[in-house]
Amino acid sequence: MKIKFIILILLLSLLGFTKSYSIQPDVFVQSTVNKASSVLSSEMSKENKISELKLIAKETVDITGIGFYTLGSARKNLNDEQKKKYAELFEQYFLKSFSSRLAEYTNPEISVEGKKVLSEKYTIVNSLLKGTNERPEIKIDWRIYTKNPDNPLIRDLIIEGLSLARTQKEEFQSILNSNKGNIEVLFNTLREFSKQ
Amino acid sequence: MIKKVAIILITTLALTVNVNASSDGELLLKKNEPSEVKDCFEGLNRATFKFNQVLDGVIFKPVASVYKKLPSPVKSGVSNSLDNLSNLVTIPNNLLQGDFMLAGLNTGRFLINSTVGILGLVDVAQHLGMSEYVKEDYGQSLAMAGVGPGCYIVLPVLGPSTARDTVASATNFLGGDAWYNVTVKNDTHYFRDIDYYSSKVTAGVNFRAKNYDSIENLEKNSIDFYASVKSLYLQDRQQKILNSKKIVNTQDDSDWEEIDNK
């Protein structure tokens with residue numbers, strides 16, 4: 001009877017703990033960075049590193065959210081089928097672009113310096129990429145989507161104040177503008193990039 | 001041709017001047033919002049951009065790849081002395097923007113670094129605990145006075161700019177840059193024209209070397225490299241004008257909001 005009671009209390013407290021458990025955005029960023037660093041500094045081949053980095057990105061980045069943000073107002077004109085197709089193509093494009101960008105670094109040392117809660121949904125985590133003889137120290141801010149505190153997700157990287165999501169959005173906009181808003185041209189461009 | 005370009009520049013600039021000019025942060029932010037800057041001469045800009053890429057591949061990239069292999073103290077010495085020289089444009093702009101304290105501080109910085117810091121090679125002022133140096137230029141002063149950026153322009157060799165910043169940079173050659181005045185404009189017997197031009201070329205190489213990997217990476221992973229460079233340049237200008245790195249707090253979040261509320 002006593003053992004049963006103890007187990008019950010343990011289970012209840014565990015349940016309560018799980019419910020109130022949330023990952024702090026700065027801890028989330030540091031742990032993500034550590035995971036990526038250990039992949040990059042490992043002895044594995046570049047192809048394997050890229051595969052591992054893609055897995056980390058899938059877990060930690062809100063790829064679908066970034067994709068629709070990047071599309072800007074053009075997303076309003078897409079039908080469901082086009083949206084589905086775009087989400088698939090964007091994910092392939094994003095993972096290739098993201099992992100090959102990162103794979104160039106051999107052993108990036110990033111330290112989390114602080115955080116600022118912007119709203120219930122967003123926290124900015126400030127970090128520093130340590131300088132080397134070949135490149136200066138770089139300030140990187142991470143826009144973390146915290147709507148679900150148990151599962152924070154990266155939505156943007158702001159490098160020395162320059163937003164990557166915003167740059168990508170303007171890049172996509174430029175392709176659409178040069179092609180009279182034809183979404184198929186953007187689809188083909190994304191497809192071609194991912195094939196390279 | 002030059003006359004025609006000058007007329008276009010001045011007209012676009014005039015169109016962007018707000019008579020109710022205000023230095024209010026929000027208005028400044030809105031006026032310099034990258035997505036609001038029109039690419040009026042996109043065809044010509046893209047052609048100039050391609051020309052600059054060729055020039056970069058032939059001259060700047062190979063030189064920068066050698067330069068970046070130099071020992072760190074050499075590179076930081078060069079970087080420090082270029083920053084020190086840029087004080088000669090920053091100080092008048094601090095005054096134009098009404099930052100008299102900062103103008104005084106930067107004058108002190110320039111005097112200390114030029115003397116104790118051996119012609120600016122060592123940033124002694126920083127070791128003395130002076131605040132971080134922030135460059136200012138005539139384009140930023142015009143923006144603070146309420147002038148909008150006008151059209152986006154890609155200049156041969158010099159790269160991305162706006163109508164406002166191109167017109168404003170002419171001030172450097174009309175007496176607004178003391179370094180230009182003592183090297184090119186006036187015969188001071190101490191300096192020659194080559195001193196000015198070599199400092200500008202070195203600044204270009206220094207910039208290219210500092211951003212070597214980032215530029216390579218961006219070019220390789222962009223689906224429209226021209227648009228990426230344009231966006232990054234305009235975001236950077238917006239930040240410099242606001243003298244703020246708080247863009248993350250102020251940028252338009254409406255697109256994110258719309259996605260969240262789906």
Side-chain angles (χ1 to χ4, degrees), chain A residues 62 64-73 75-76 93 96-98 100-102 104-105 116 118-119 121-122 124 126 131-136 138-139 141-143 145 147 155-156 158-175 177-178 186 189-190 192-193 196, chain B residues 33-35 37 39 42-43 46 65 67-76 79 209-214 216-218 220-240 242 244-262:
Chain A
D62 180 12
T64 312
I66 296 174
F68 284 104
Y69 167 82
T70 303
L71 202 50
S73 56
R75 68 178 169 269
K76 291 171 194 159
Y93 154 79
K96 182 176 164 56
S97 161
F98 169 85
S100 53
R101 269 179 201 195
L102 263 184
E104 299 296 327
Y105 295 94
K116 188 176 178 192
L118 293 185
S119 66
K121 283 191 277 187
Y122 289 111
I124 297 291
N126 316 110
T132 63
N133 186 35
E134 295 204 339
R135 90 177 129 67
I138 299 171
K139 191 170 166 260
D141 293 337
W142 308 65
R143 177 185 273 262
Y145 183 52
K147 193 176 179 183
R155 276 203 157 168
D156 194 6
I158 301 132
I159 300 167
E160 291 288 338
L162 310 176
S163 154
L164 286 190
R166 201 173 181 183
T167 307
Q168 208 166 51
K169 184 181 178 184
E170 278 155 29
E171 202 181 359
F172 280 35
Q173 201 58 51
S174 170
I175 288 174
N177 287 346
S178 316
L186 181 63
T189 311
L190 293 175
E192 286 303 313
F193 180 90
Q196 276 173 27
Chain B
E33 174 62 37
S35 56
V37 180
D39 198 347
E42 193 178 338
R46 281 189 184 267
S65 70
Y67 176 86
K68 78 186 185 107
K69 291 196 174 85
L70 292 174
S72 281
V74 176
K75 284 186 290 182
S76 58
S79 207
K210 268 187 181 171
N211 297 286
Y212 195 90
D213 292 337
S214 313
E216 297 304 295
N217 218 321
L218 187 71
K220 194 175 146 197
N221 291 296
S222 289
I223 50 174
D224 185 347
F225 186 43
Y226 168 85
S228 293
V229 171
K230 179 183 153 199
S231 171
L232 291 171
Y233 171 78
L234 293 173
Q235 284 185 58
D236 186 49
R237 274 312 274 176
Q238 187 188 33
Q239 254 196 79
K240 283 179 176 158
L242 289 165
S244 162
K245 291 203 169 172
K246 291 178 188 159
I247 203 150
V248 286
N249 297 342
T250 46
Q251 77 180 61
D252 181 14
D253 279 344
S254 54
D255 272 336
W256 285 122
E257 289 298 325
E258 210 181 296
I259 289 161
D260 295 345
N261 295 332
K262 270 201 308 178

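Within every chain, numbering begins at 1; the chains are lettered A, B, ... in the order of the sequence lines, protein sequences first and strands thereafter. Note that these values count all heavy atoms, side chains included, but never hydrogens, waters or copies made by symmetry. All values reported here derive from a predicted model rather than from experimental measurement.
In this structure, no portion of S214(B) lies under 4.5 Å from any heavy atom of chain A. With a 4.5 Å cut-off on non-hydrogen atoms, E42(B) touches chain A through its side chain but not through its backbone. Neither the backbone nor the side chain of K230(B) has a heavy atom closer than 4.5 Å to any heavy atom of chain A. The part of L70(B) that comes within reach of chain A is its backbone (N, CA, C, O), which places non-hydrogen atoms under 4.5 angstrom from that chain. Neither the backbone nor the side chain of F98(A) comes within contact range of chain B; no heavy atom of the residue lies under 4.5 Å from a heavy atom of that chain. L164(A) does not touch chain B: none of its heavy atoms, backbone or side chain, sits under 4.5 Å away.
Looking at residues two or more places apart in sequence or on another chain, you find a ring-ring contact (aromatic ring centres under 6.0 Å, His included) between Y226(B) and F49(B).
Taking the side chain as every heavy atom from C-beta outward, L162(A) and Q239(B) approach each other to under 4.5 Å. Side-chain contact check for S222(B) versus Q168(A): every heavy-atom pair is 4.5 Å or farther apart.
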Next on the checklist: Checking E171(A) against S231(B) for the side chain to side chain donor-acceptor pair (under 3.5 Å) test, could you report, in this order, the C-alpha distance in whole Å, the side-chain angles of both residues, the deciding distance, and whether it holds?
Outcome noted: CA-CA 8 Å; E171(A) 202 181 359; S231(B) 171; over 6 Å; no
Next on the checklist: As a quick check of understanding, evaluate side chain to side chain donor-acceptor pair (under 3.5 Å) for S174(A) and D224(B), giving each step before the final call.
Outcome noted: CA-CA 8 Å; S174(A) 170; D224(B) 185 347; 2.8 Å; yes
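One distance of note links CG of N177(A) with CG of D39(B); it measures 10.0 Å at 0.5 Å rounding. Rounded to the nearest 0.5 Å, atoms CD1 (I138(A)) and NZ (K210(B)) are 11.5 Å apart.
Counting only distance, with no hydrogens or angles, the side chain of E170(A) and the backbone of A227(B) share no donor-acceptor pair below 3.5 Å.
With salt bridges taken as basic N to acidic carboxylate O contacts below 4.0 Å, one links R166(A) and E33(B).
Looking at every heavy atom in both residues, F193(A) comes nearest to I223(B) through CD1-CG2, 3.7 Å.
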